[in-house]
Amino acid sequence: MSSAETSGSKFVITTPIYYVNDVPHVGHAYTTLNADAVARWHRLLGDDVFFLTGTDEHGLKVQRAAEEAGLEPLDHATRTSERFASTWELLNISNDDFIRTTEPRHHAAVQALLQKAYDNGYIYADTYEGDYCVSCEAYYVEDDLVDGNCPIHKRPVEHMVEDNYFFKLSAFTDQLTEWLEQPESAGHSIRPAGYRNEALGIVRQGLDDVSITRTSISWGVPVPWDTDHVFYVWYDALINYATAVGFGADQQRFDQWWPSTHHVLGKDILRFHGVYWPAMLMAAGIDPLPQLHVHGFLLLGGEKMSKTGGLTAITPAELVDDFGVDGFRYAMLRNHSFGPDSDFSFEGIVEAFNTDLANTYGNLVSRVATVVGKNCGGVGPAPEPGASLGEAAATAYAEAAAAWDSVQPSAALDATWRLLRETNEYLAEMEPWKMDPGPEVDAVMGNALEVIRIASIMASPAIPEAVEIAWKRIGLDGQACQQRLPEAAVWGAYPGGLSVEVGDPMFPRFKPSS
RNA sequence: GGCGACGUAGCUCAGUUGGUGAGAGCGCUCGACUCAUAAUCGAGAGGUCGACAGUUCAAAUCUGUCCGUCGCUACCA
């Protein structure tokens, strides 16, 4: 594949928009980091990347939280949205846009998209019946009730009938099935495949039409054809992905970006992204559908972190204090295979940090710099054209590239670190520290420096700050993140003749304070 | 209840479409080296791939049953 083919390709990647009432936690960070790393990889490939995250700010919960805080809903949302924005800044997230569902551009897009669905006959008026708690201002299904009373207020619920607009979800059963079952050659619908099967299961179980508006609350996007109603929060929130690339405002921009849209999300919201959202797009006549990348949960002691309370007990900021931004980023991406649930632990982060970052990568940079200083006069030599490490680098690159392409950051980093370990083995075998200055030691150290150059580029999506330190230490100009793959991964580009600097350890080993 | 996922070395996990004697990292034991962040390199111990039955020339990998754990079932990544 030449750069001419990939250069300028559009690539849109999104995180879910997070509910502003939540406090940013490691679960949010996990999703966002995966999307960030993939976005960074695509920038290396020369793609024109648009990476979107943001906050979901409508709904009853926000309205009520604002009242409790004595604030207007928008002011409340602005304050809480900021917590997400600042967390992403802390984690060095490279989003190109941060959307808030309270923005005028989003209201316009929601109204335009749902108006289309309405015009196409997929939205109709009907009544919603249910047991309603006046205090909660919410409906409950019978299973939630405690002795027929509201589970929160312990008061009798009232049977209410509300005028609602319904979305004809049931009309899309066949189209959804067809999309989910489409062959990989047509572009995947949902990956990994297990989640696609789950979505198929949801569709097979039968789809009911869903109520998508409310008259009982005001904090939302008004329904354009009936302003007594606002859209129910989910059906407004999902549309953010279309808003951000210009839906309803700039058709040309939308047409350019939309076809390359990829959503990263957790399995808990698969139903909305894998069934409701594509159906809404179909109803509005939008084509093609986005591609979904679904991950599992971080577990604590085998259970969902949000259940054990662990999710909010350990904050991203605390982990950054202990391991640095790159240490935290690396551990989150490396320790958890994208897709299945996986165990999260402090010890796991320590292991990833000490083993991979301190011992393997950081220490390699240190020992190479020192030997170059002693036996090469501090000047980094060029690599050998036919070095065996060159083949190892090519293999590692091919594996990593394939893994990034299929949104498997842990596998990509595994391949990258295998190359670094092979280089430590190579040095042990060559023993360049025993050699006298000359062509022999120059060749060995040139090869090692070349691996550091290539691996640093490959690792840059995960540890963007650290790789730039290594990049400078070995005397290179520019930045690792500005290189263009795949050309920059070709063996032999380290020029030689550069000044190599011995610096402080990039990742001082973490010693748990007991 | 319905739907689904998972159960592989002490720990955390990889194992495309079934096929060289079952792998990695960490931990552990022994050894080497001492350029390097008590780091690195080598060797080794350690597994009936949850259980049972079946399909097959051949299964950790397919089918069925069972046991165990977990998740979803309209707003928690």
Side-chain angles (χ1 to χ4, degrees), chain A residues 15-16 18-19 21-22 24-35 56 58-61 138-139 141 143 194-195 197-198 200-202 204-205 208 210-211 232-235 237 264-272 275-276 294-299 302-307 311-312 334-337 339-345 347-348 350-352 354-375 402 406 408 410-411 414 417-418 421 423-435 445 448 502 504-511:
Chain A
T15 74
Y18 304 110
Y19 205 58
N21 275 14
D22 293 341
H25 53 58
V26 292
H28 298 118
Y30 177 64
T31 306
T32 306
L33 281 171
N34 274 286
D56 179 10
H58 287 130
L60 182 64
K61 286 185 182 175
Y139 286 97
V141 296
D143 287 350
Y195 294 111
N197 293 339
E198 272 194 45
L200 269 171
I202 292 170
R204 285 206 196 93
Q205 282 182 56
D208 295 328
V210 288
S211 161
Y232 190 39
V233 60
W234 260 108
Y235 306 95
V264 174
L265 56 134
K267 67 178 185 178
D268 55 317
I269 48 177
L270 173 63
R271 172 183 297 270
F272 293 98
V275 179
Y276 294 15
V294 183
H295 66 72
F297 291 131
L298 300 181
L299 307 179
E303 287 195 332
K304 210 174 157 183
M305 288 184 84
S306 54
K307 265 197 174 169
L311 198 53
T312 48
R334 176 66 188 89
N335 286 355
H336 309 287
S337 173
D341 292 351
S342 87
D343 265 13
F344 172 89
S345 71
E347 293 71 20
V350 173
E351 184 186 318
N354 282 346
T355 302
D356 290 354
L357 296 182
N359 298 352
T360 303
Y361 181 55
N363 185 54
L364 177 66
V365 172
S366 294
R367 67 194 303 211
V368 167
T370 301
V371 176
V372 168
K374 288 185 175 177
N375 292 354
S406 57
Q408 293 292 332
S410 63
D414 187 46
W417 256 258
R418 208 176 310 132
R421 275 187 250 113
T423 305
N424 276 321
E425 293 166 21
Y426 171 78
L427 290 176
E429 190 187 336
M430 295 292 120
E431 301 185 305
W433 45 88
K434 289 182 175 173
M435 295 174 178
M445 299 320 292
V502 180
D504 293 333
M506 293 165 55
F507 300 99
R509 280 177 63 86
F510 179 84
K511 299 180 187 78

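The chains referred to below are lettered A, B, ... by the order of the sequence lines, with proteins before strands, and numbering in each begins at 1.
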Contacts of A:Ala237 that satisfy side-chain contact (heavy atoms from CB on, under 4.5 Å) - sequence neighbours left out: A:Ile17, A:Asp56
Nucleotide nearest A:Arg421 (side chain, heavy atoms from C-beta), chosen from B:U37, B:G42, B:G25: B:G25
With rounding to whole Å, what would you report as the distance between B:A43 and B:G25 at their P atoms? 11 Å
Any sub-3.5 Å donor-acceptor pair from A:Asn354's side-chain atoms to A:Arg509's backbone N or O? no
Rounded interatomic separation in angstrom, taking CG from A:Leu364 and P from B:U37: 13 Å
Within the pair A:Lys61 and B:C76, is there a side-chain N or O less than 4.0 Å away from OP1 or OP2? yes
Does a nitrogen or oxygen in the side chain of A:Asn359 sit under 4.0 Å from OP1 or OP2 of B:U40? yes
Of the nucleotides B:A77, B:U40, B:U37, which has the atom closest to the A:Arg367 side chain? B:U40
Which whole number of Å gives the distance between the P atom of B:A45 and that of B:G4? 43 Å
Can you check the A:Glu351 CD to B:A24 P distance for me, whole Å? 15 Å
Min side-chain heavy-atom separation A:Glu431-A:Trp433 under 4.5 Å: yes
Which whole-number value in Å describes the distance from A:Met445 CE to B:C35 C1'? 8 Å
In whole angstrom, give the distance that lies between atom CD of A:Glu347 and atom P of B:C26. 17 Å
Can any side-chain N or O of A:Asp341 pair as donor or acceptor with the backbone N or O of A:Leu299 at less than 3.5 Å? no
Nearest-angstrom distance from the residue atom CZ of A:Arg334 to P of B:U12: 15 Å
Is A:Tyr361 reaching over with its side chain to a backbone N or O of A:Thr355, donor-acceptor style, under 3.5 angstrom? no
I want to check one thing: is the phosphate of B:C33, taken as OP1 and OP2, less than 4.0 Å away from some side-chain N or O of A:Lys434? no
Measuring from the side chain of A:Asn424 (C-beta onward, heavy atoms only), which nucleotide among B:U40, B:A77, B:U34 has the closest atom? B:U40
What integer number of Å spans the C1' atoms of B:G50 and B:A60? 12 Å
Using Watson-Crick pairs (N1 to N3, plus N6-O4 or O6-N4) and G-U wobble pairs, both distances under 3.5 Å, which stems of at least 3 pairs involve RNA chain B? B:1-7 with B:67-73, B:10-13 with B:23-26, B:28-32 with B:40-44, B:50-54 with B:62-66
Whole Å only: how far is the OH atom of A:Tyr361 from the P atom of B:U40? 16 Å
Atom CG of A:Asp356 and atom P of B:U12 are separated, to the nearest Å, by 18 Å
Over how many whole Å does the gap from A:Lys374 atom NZ to B:C35 atom P extend? 6 Å
Interatomic distance at P, B:C6 relative to B:U16, whole Å: 12 Å
Between B:U48 and B:A9, how many Å separate the two P atoms, rounded to a whole number? 9 Å
Provide the distance between the two P atoms, one in B:G7 and one in B:U61, to the nearest whole Å. 11 Å
Got a donor-acceptor contact below 3.5 angstrom from the A:Tyr195 side chain to the A:Gly266 backbone? no
Between A:His336 and A:Ser410, do the side chains contain a donor N or O and an acceptor N or O under 3.5 Å apart? no
